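Computed from heavy atoms alone, side chains included, the values below leave out hydrogens, waters and symmetry copies. Small disclaimer: the values here were computed from a predicted structure and weren't measured. Each residue takes its place number in the sequence, starting with 1.
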Amino acid sequence: MKTISVKREGSRWYVVLSCDDVPAEILPATGAVVGVDMGVASFLTTSDGEQVGNPRHLAASAGKLAAAQQDLARNKRGSKRRRKAVARVAALHGKVRRQRLDGAHKAANALVRDYDMIVHEDLRIANMTKSPAPKPDGEGGYLPNRAAAKAGLNKSILDAGWGVFLGVLAHKAESAGRELISVDPHNTSRTCAPCGHMAKENRATQAEFACTACGHTAHADVNAAINILRAGLALREAAAA
């Protein structure tokens, strides 16, 4: 054991252990590989067609959080009531974090148990959640942008907890002896998995993929996950060569 640290979150206390030489628990080979597409409508979709729903933990607690934050704002600084209100807000945020982490562990466990190789998108979440910069209109003002809509999307992305999940998945895959590959997600949602035709028009709706070249139709996220898997297999073959 290298370090032991104790931390407090609200009324909860945690002991965090850091250890060396922890034996890996290598899982038996399954012979299966999978591509994983991350999303907001569905938390993840596999190339085998399986989907994990997005629980939207923060959105589910939004009403309670809003009420708790309003109560906090009404209380005088330094008062006993304000300290209780601060603790209530912290407890609600802590519950959301624990729910998100629990969901990440369950989804990662299922993938690591069933597949020898897992391919996922190399997501730059910090870049994806940047607010759009205002554009000058040439007359001293700024053009209207989609800042409000983008803020809603950013909130949904952060609520989904992709970063938490990918971190948990990386640790579990290493411990289980599974291969984890990240690939560039560029155009994976616009490219037809059977014929390779890439066009913006292929993505008919958020959920529907319809190739304008060969007529192939599929769930858009499943099609993207197949492309992600194919890219991962190509990377592995290139590395081997």
Would you say the side-chain atoms of Ser175 pair up with the backbone N or O of His171, donor to acceptor, closer than 3.5 Å?
-> no

Under a 4.0 Å N-O cut-off, is there an ion pair linking Asp102 with Arg98?
-> no

In terms of hydrophobic clusters joined by side-chain contacts under 4.5 Å, are Leu233 and Tyr115 together?
-> no

Keeping the roles fixed (side chain from Arg81, backbone from Asn75), state whether a donor-acceptor pair exists under 3.5 Å.
-> no

Shortest non-hydrogen contact from Ala104 to Val164?
-> CB-CG1, 4.1 Å

For the side chain of Ser79 and the backbone of Lys76, is there at least one donor-acceptor N/O pair under 3.5 Å apart?
-> yes

Return the minimal non-hydrogen interatomic distance between Met117 and Val119, and the atom names on each side.
-> CE-CG2, 3.6 Å

Where is the tightest heavy-atom contact between Arg113 and Leu27, given as atom of each residue plus distance?
-> CA-CD1, 4.1 Å

Judged by atom type as modelled, is there a donor-acceptor pair below 3.5 Å linking the side chain of Thr46 to the main-chain atoms of Glu50?
-> yes

Is Asn223 reaching over with its side chain to a backbone N or O of Ala193, donor-acceptor style, under 3.5 angstrom?
-> yes

Under the ring pair (Phe, Tyr, Trp, His ring centres under 6.0 Å) test, residues paired with Phe165 that sit two or more places apart | Phe43

For the atom pair CG (Leu166) and CE (Met38), what is the distance rounded to the nearest 0.5 Å?
-> 5.5 Å

Exam field: side chain Arg56 to backbone Val40, donor-acceptor pair closer than 3.5 Å = yes

Would a hydrophobic clustering, with Ile, Leu, Val, Met, Phe, Trp and Tyr connected at side-chain separations under 4.5 Å, put Ile118 with Val33?
-> no

Would one find more than 12 heavy atoms of other residues, nucleotides or ligands at under 6.0 Å from atom NE2 of His197?
-> yes

State the CG-NZ distance between Asp71 and Lys84, to the nearest 0.5 angstrom.
-> 11.0 Å

Donor-acceptor contact present, side-chain Ser47 to main-chain Gly35, <3.5 Å | yes

Is the side chain of Asp20 donor-acceptor paired with the backbone N or O of Met1 at a distance under 3.5 Å, no angle test?
-> no

Should we say atom CD of Glu174 is surrounded by more than 12 heavy atoms from elsewhere, each under 6.0 Å from it?
-> no

Taking atom types as modelled and ignoring hydrogens, do the side chains of Thr45 and Asp37 form a donor-acceptor contact shorter than 3.5 angstrom?
-> no

Between atom OG1 of Thr191 and atom CD1 of Ile226, what is the distance when rounded to the nearest 0.5 Å?
-> 12.5 Å

Same cluster for Val34 and Trp162 if Ile/Leu/Val/Met/Phe/Trp/Tyr side chains link at under 4.5 Å?
-> yes

Among pairs that include at least one residue of residues 182-210, which meet salt bridge (charged side-chain N to carboxylate O under 4.0 Å, His left out), considering only residues two or more places apart or in two chains?
-> Arg203-Asp221

Main-chain N/O of Leu72 paired with Arg82 side-chain donor or acceptor, under 3.5 Å | yes

Here the gap from Arg74 atom CZ to Gln70 atom CD, rounded to the nearest 0.5 Å, amounts to 6.0 Å

Minimum heavy-atom distance Lys172-Ala108, with the two atoms named = CD-CB, 3.8 Å

Is it the case that one hydrophobic cluster holds both Ile228 and Ile181, taking links as side-chain heavy atoms less than 4.5 Å apart, direct or via other members?
-> yes

Side-chain (Asp116) to main-chain (Thr30) donor-acceptor, under 3.5 angstrom = yes

Pairwise distance NE2(His186) to CG(Asp122) - rounded to 0.5 angstrom | 14.0 Å

Apply side-chain contact (heavy atoms from CB on, under 4.5 Å) to Phe209 and Cys192, showing your working.
-> CA-CA 8 Å; Phe209 183 92; Cys192 178; 3.9 Å; yes

Does a donor on one side chain sit under 3.5 Å from an acceptor on the other, for His57 and Lys95?
-> no

Could you grab the distance from atom CG of Leu92 to atom CG of Leu65, nearest 0.5 Å is fine?
-> 5.0 Å

